[in-house]
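Contents: one structure, followed by commentary.
Model, not experiment: these values are computed from the prediction. We're numbering straight along the sequence, starting at 1. Values reported hereafter were calculated over all heavy atoms of this structure, with side chains retained and with hydrogens, waters and symmetry mates removed.
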Amino acid sequence: VQEIPGCQDAPDLPVMAIAARVLTAKLATVDDLQVSNFELSQSGVRQKICGFVHVRQPSSIGILMDTSGSMYRGGCAVSHPVYWSNSLVIADAAIGEMLSTSGLGDEYFLALANEQPAISSAFTHDPDRIRAGLRVTFKGKTPLIDSMLLALSEMRKAKCPNRALLVISDGCDNKSSHSMQELSNALSALAVPVFIIAPGHPQDRLRNNTAFPAGASKSSEEAARDDLFLLAERTGGYVYQVADKKQVISVAKELSTTIRAPYQLYFNQPTTSGAARQGSIHLKLTGVRSYSTLLYGRTTSYRRDATSPR
């Protein structure tokens, strides 16, 4: 492994890595930023970014496809219009776009979320094996949390340092035996960003209830879905709500770049601050339009004698 340029000024200090992604207001990927556009602090103390890499990387991408009955109906949220009249066509378009931009070294697995969560295809470099697994029937209840935990277990077999989990689902769960807290703990331990493509309108933002009419109340499924969507964004991922096939193709095209070409930022962690913790690292943009969205999750340690961050 090559040394990170600029991080040898303090060779005795741990080198930490954080992956960042930046989106425009229209969810297009921002790919022309420089190290001067990022400002990093830990526990309120500004840290020098000693290394900066922004190139397309071989990526390990897990794909979790919700094949439960609610997806057949166009989504579980009864307060919403039915956006996806044919969920299989929508999901196939999203996954097909991701696979069509596959590059050297990329690997994928396919997991299915239905009555019996399963890994349909283990990690493979062959996109056709993933496509073959898309011949499914939508039925049954939705153990989405259980399915995501299964997908994260498979993600531990990934060979690429750059990893992401793509979930195509309405986000609702009515059958899992595991809790949202267990999923949160697993995501924190693995440091994998979660990107969700869900039925909805692109302007719907669940945290301000724009998708619900005045006086409407959320079901327990809808409330849990909102929690899941917020959890995904805390991982450094994002939730894309799309209404039709045209929108999902556009989103998936941008997402394929967003996932594969993050900004990798490196810094020497002061020994006095202890191990980096989620919440103690703050990253912000400077000299960039205010409506840009910055995505980042937790830090990982970079080992100079290893082939990847850990």
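For Ser68 against Asp66, the heavy-atom pair with the smallest separation is OG-OD1, 2.7 Å. Shown here for Met148 and Leu228, the closest heavy-atom pair between the two residues is SD-CD1, 3.8 Å. Of all the heavy atoms in Pro143 and Pro117, the pair that sits closest is CG-CG, 3.6 Å. Arg163 and Pro193 get closest at one heavy-atom pair: O-CD, 3.2 Å.
Electrostatic pairing of Glu115 and Lys175 counts as a salt bridge here, judged by a charged N lying under 4.0 Å from a carboxylate O. The pair Lys253-Glu97 does not count as a salt bridge, with every side-chain nitrogen at least 4.0 angstrom from each carboxylate oxygen. With respect to Arg129 and Asp126, no salt bridge is recorded, no charged nitrogen being found less than 4.0 Å from a carboxylate O.
Side chains of Asn114 and Thr67: a donor-acceptor N/O pair is present below 3.5 angstrom, by distance only. In this model, no donor atom of one side chain and acceptor atom of the other lie less than 3.5 Å apart for Thr286 and Glu39. At a cut-off of 3.5 Å, with distance as the only test, a side-chain donor of Ser102 or Tyr108 sits close to an acceptor on the other residue. Between the side chains of Asp31 and Thr257, no donor-acceptor pair of N or O atoms lies under 3.5 Å.
The side-chain heavy atoms of Leu150 and Glu154, taken from C-beta on, include no pair separated by under 4.5 Å. Taking 4.5 Å as the limit, every side-chain heavy atom of Thr29 sits out of range of all side-chain heavy atoms of Arg21.
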Begin with the C-alpha distance, continue with both residues' side-chain angles, and end with the deciding distance and a verdict on salt bridge (charged side-chain N to carboxylate O under 4.0 Å, His left out) for Arg56 and Asp106. CA-CA 11 Å; Arg56 179 185 170 113; Asp106 288 348; 3.5 Å; yes
For the pair Phe109 and Phe123, evaluate ring pair (Phe, Tyr, Trp, His ring centres under 6.0 Å) and give the outcome as yes or no after the intermediate values. CA-CA 4 Å; Phe109 72 77; Phe123 266 119; 5.0 Å; yes
Please assess Thr101 against Arg260 for the test side-chain hydrogen bond (donor to acceptor under 3.5 Å, both in side chains), listing each intermediate value before the final yes or no. CA-CA 10 Å; Thr101 55; Arg260 294 185 176 101; 2.8 Å; yes
List the steps, then state whether side-chain hydrogen bond (donor to acceptor under 3.5 Å, both in side chains) holds for Asp173 with Ser176. CA-CA 7 Å; Asp173 188 312; Ser176 285; 2.5 Å; yes
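In this structure, Phe52 and Phe38 have tilted ring planes: the angle between them lies in the 30° to 60° band.
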